[in-house]
Amino acid sequence: MKVSDLRGILQYVPRFREKIFIVAIDGDIVASENFGNILLDVAVLRSLSIKVILVHGASAQIRKLAAERPVPISNADGTGITDEPTLKLSIEAATQILNDVMQGLTSVDLRAAYANSIIAHPAGILGGIDFLYTGRVERVDTKALHLFLNEGIIPVIPPIGFDGEGKTFRVNSDSIAVEVAEAMRAMKVIFLSSIENLRIDGVEVRQLSIAETEDLLKKQKSGAAGYDFDPRLASKLEHAARACRQGVPRAHLLNGSVDEALLAEVFSNQGVGAMVFSNEYQQFRRVYKKDIRAVMALIRESVESDELVRRTRVDISAHLEDFWVIEVDRTLVGCVALHFYKNEGQAEMACLYVSKNHSGEGYGRKLMAYVEQLAAQKGVKEIFALSTQAFAYFQQKGGFQETTPDILPAGRREKYEQSGRNSKVLIKSVAPATASVPRLG
């Protein structure tokens, strides 16, 4: 691990301290070789004063028991009909998993307790069909869960619920995780399954807003080309979107078979899985004085390679109102400057840079589009840019065209000639503003 990696992790610690994370683990992950590593990751979270509630599934174990007996089952994951034989196998499987989880947590020096905190009611008759012993969460006993958490104990919740009369119901574990996350006002709900990461048209998707998630699910259900991903993943996305709709800031979908996936997702702004977010994950904003050091660190490598002009703290401070950044989960990942030449009706796009950790994710295009909106609002007719190495990017992604230094404002032309960089000069016409610039955070 590099020192810079550790610094990146430490920025999250104050933000997550004493917050509640719901970790929902599918039954097949509990049975996997990586389960012990996941519990070690949970131990790391607890060592950082993050409160964790574990919710586990049981469908893999129910199917295994059914095959060994053999006993025909009506449904394994708690979303279909649960007849009496299936309910008995569900209770047996959940009991065995609970024991495995408790042993595993104890082995990493964590205190845990079975949390009988799900008050359920029958799913009832749906579409004319009685779902028998399938249940839905009616209420979460938050008082009991808080008592455990305040004593440093990890509550473990099985996919089983009870009604007021003591009747037992099989409840889908992902639904439990969502309801617990809402009731406990959790900061995150994290789904760990054996499903591969979300890909659309071969491109891995890392973050989605609620609206984007719901649109994605509509396309998947309609059979749209390129959206034929695993139906199990669609179910996870539905639960993630519902969690965010109900007030949970972040819902994460991870391949629990990958070692360290949990920590890599939680403690990095690019993550390793798919994240659904309910509030603003990305934002454009002005650069403040406190950001100057971070901006200089961001562009340092590009300056050293002579791609960008060297700028001092004094240079940036003198033109602070011209600089903008794109922030991902409170981390600066890109910057750009827009210098205005009012008399000529021109503006210069400068210092465009995106962290290499986020290259290929479209942030450069977003930065260009954003400052173009700013320029339009100011009545700018043309934007120009100077580049020694990234001119092809400006042309292909930004719609710029190469021109001559003659178009530069007089003062800028003089600096251009004095620099000796022999940069290519690019220009783009700015369309009149048709909408206001989005309000910044």
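All values below were derived from every heavy atom in this structure, side-chain atoms included, with hydrogens, water molecules and symmetry-related copies excluded.
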A.B. asks: Please check if the number of heavy atoms outside Glu33 that lie under 6.0 Å from its CD is greater than 12.
C.D. replies: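 12 or below, so no.
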A.B. asks: I'd like to know if Glu372 pairs up with Lys428 as an ion pair, taking the criterion as any Lys NZ or Arg NE/NH1/NH2 lying under 4.0 Å from an Asp or Glu carboxylate oxygen.
C.D. replies: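 Judged by the 4.0 Å cut-off on N to carboxylate O distance, Glu372 and Lys428 do form a salt bridge.
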A.B. asks: Might you confirm whether atom CZ of Phe394 has over 12 heavy atoms from other residues, nucleotides or ligands at distances under 6.0 Å?
C.D. replies: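 More than 12 heavy atoms, drawn from other residues, nucleotides or ligands, come within 6.0 Å of this atom.
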A.B. asks: Please step through side chain to side chain contact (heavy atoms under 4.5 Å, CB included) for the pair Ile25 and Ile190, ending with a clear verdict.
C.D. replies: CA-CA 8 Å; Ile25 309 176; Ile190 304 168; over 6 Å; no
A.B. asks: Have Thr79 and Asp77 got a donor and an acceptor in their side chains that come within less than 3.5 Å?
C.D. replies: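 Yes.
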A.B. asks: May I ask you to check whether over 12 heavy atoms, not counting those of Gln246, lie within 6.0 Å of atom CD?
C.D. replies: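 Enclosed: over 12 neighbouring heavy atoms sit under 6.0 Å from CD of Gln246.
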A.B. asks: Would you name the heavy atoms of Ile29 and Gly256 that are closest together and state the gap between them?
C.D. replies: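 Between these two residues, the closest heavy atoms are CD1-C, 3.7 Å.
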A.B. asks: So Ser194 and Asp28, side chain to side chain donor-acceptor pair (under 3.5 Å) or not? Walk me through it.
C.D. replies: CA-CA 7 Å; Ser194 58; Asp28 52 355; 2.6 Å; yes
A.B. asks: Does atom NZ of Lys88 have more than 12 heavy-atom neighbours from other groups under 6.0 Å away?
C.D. replies: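 Not buried by this count: 12 neighbours or fewer within 6.0 Å.
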A.B. asks: Hey, are the side chains of Leu216 and Phe229 touching, using non-hydrogen atoms and a 4.5 Å cut-off?
C.D. replies: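 Leu216 vs Phe229: side chains touch.
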A.B. asks: State, to 0.1 Å, how close Leu87 and Arg170 come at their nearest heavy-atom pair, and which atoms those are.
C.D. replies: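 Nearest pair, atom of Leu87 first, then Arg170: CD1-N, 3.9 Å.
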A.B. asks: Checking side chain to side chain contact (heavy atoms under 4.5 Å, CB included) for the pair His121/Arg136: CA distance, chi angles, key distance, verdict?
C.D. replies: CA-CA 6 Å; His121 63 264; Arg136 297 288 181 267; 3.7 Å; yes
A.B. asks: Any side-chain heavy atom of Lys188 within less than 4.5 Å of one from His252?
C.D. replies: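 With C-beta onward as the side chain, the pair touches.
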A.B. asks: Output yes when Lys219 and Glu214 qualify as a salt bridge under the 4.0 Å nitrogen-oxygen rule, no when they do not.
C.D. replies: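 Here Lys219 does not pair with Glu214 in a salt bridge, since their nearest N and O are not under 4.0 Å apart.
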A.B. asks: Pair Ser193, Leu253 - check side chain to side chain contact (heavy atoms under 4.5 Å, CB included), show working.
C.D. replies: CA-CA 8 Å; Ser193 71; Leu253 279 62; over 6 Å; no
A.B. asks: Looking only at side chains, do His56 and Ser173 share a donor and an acceptor under 3.5 Å apart?
C.D. replies: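 Per modelled atom types, His56 and Ser173 side chains form no pair under 3.5 Å.
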A.B. asks: Do the non-hydrogen side-chain atoms of His146 and Ile20 ever get within less than 4.5 Å of each other?
C.D. replies: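 Result yes, sub-4.5 Å side-chain heavy-atom pair found.
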A.B. asks: Is it true that Glu327 and Arg285 have a side-chain N and a carboxylate O under 4.0 angstrom from each other?
C.D. replies: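 Arg285 and Glu327: salt-bridged.
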A.B. asks: Looking at every non-hydrogen atom in both residues, tell me the closest pair between Asn37 and Asn34 and how far apart they are.
C.D. replies: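 Scanning both residues completely, I find the closest heavy atoms to be ND2-OD1, 2.8 Å.
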A.B. asks: Taking CZ in Arg313 as the centre, count heavy atoms belonging to other residues, nucleotides or ligands within less than 6.0 Å. Is the count above 12?
C.D. replies: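 Enclosed: over 12 neighbouring heavy atoms sit under 6.0 Å from CZ of Arg313.
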A.B. asks: Quick one: do the Ser257 and Ser32 side chains pair a donor with an acceptor below 3.5 Å?
C.D. replies: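 Ser257 vs Ser32: no donor-acceptor pair found between side chains.
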A.B. asks: Dump the intermediate steps for side chain to side chain contact (heavy atoms under 4.5 Å, CB included) on Glu238 and Arg242, then the final yes or no.
C.D. replies: CA-CA 6 Å; Glu238 287 177 0; Arg242 183 157 65 89; over 6 Å; no
A.B. asks: Check whether any side-chain heavy atom of Leu262 lies under 4.5 Å from a side-chain heavy atom of Val44, and answer yes or no.
C.D. replies: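 Not in contact.
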A.B. asks: Could you report the tightest heavy-atom contact between Leu352 and Gly364, atom names first, then the distance?
C.D. replies: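 The pair with the smallest heavy-atom distance is CD1-O, 4.2 Å.
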A.B. asks: Please lay out, stage by stage, how Arg206 and Glu265 fare under the test salt bridge (Lys or Arg N to Asp or Glu O under 4.0 Å).
C.D. replies: CA-CA 10 Å; Arg206 289 292 175 85; Glu265 178 72 11; over 6 Å; no
A.B. asks: Where do Ile73 and Ala66 come nearest, in terms of heavy atoms and distance?
C.D. replies: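 Minimum heavy-atom separation between Ile73 and Ala66: CG2-CB, 3.6 Å.
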A.B. asks: Verify whether the ring centers belonging to Phe21 and Phe16 lie closer than 6.0 Å.
C.D. replies: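 Yes; Phe16 has its ring centre under 6.0 Å from that of Phe21.
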A.B. asks: Determine whether Val30 and Gln61 make a side-chain contact, defined as any pair of heavy atoms from C-beta on separated by less than 4.5 Å.
C.D. replies: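 Contact flag for Val30/Gln61 side chains = yes.
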A.B. asks: Please check if atom NZ in Lys221 has more than 12 non-hydrogen atoms from other residues, nucleotides or ligands closer than 6.0 Å.
C.D. replies: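 Incorrect, the count does not exceed 12.
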A.B. asks: Decide whether Asp322 and His339 meet the rule of one side-chain donor and one side-chain acceptor closer than 3.5 Å.
C.D. replies: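 Judged by distance alone, the side chains do pair up.
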A.B. asks: Between Val371 and Leu338, which heavy-atom pair has the shortest distance, and what is it?
C.D. replies: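 So the minimum-distance heavy-atom pair works out to O-CD2, 3.4 Å.
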A.B. asks: Does Leu374 reach the side chain of Gln377, with side-chain heavy atoms less than 4.5 Å apart?
C.D. replies: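 When only atoms from C-beta onward are counted, Gln377 and Leu374 do not touch, as no gap falls below 4.5 Å.
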A.B. asks: Any non-hydrogen side-chain atom of Asn116 less than 4.5 Å from a side-chain atom of Ile118?
C.D. replies: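 Answer no - side chains too far apart.
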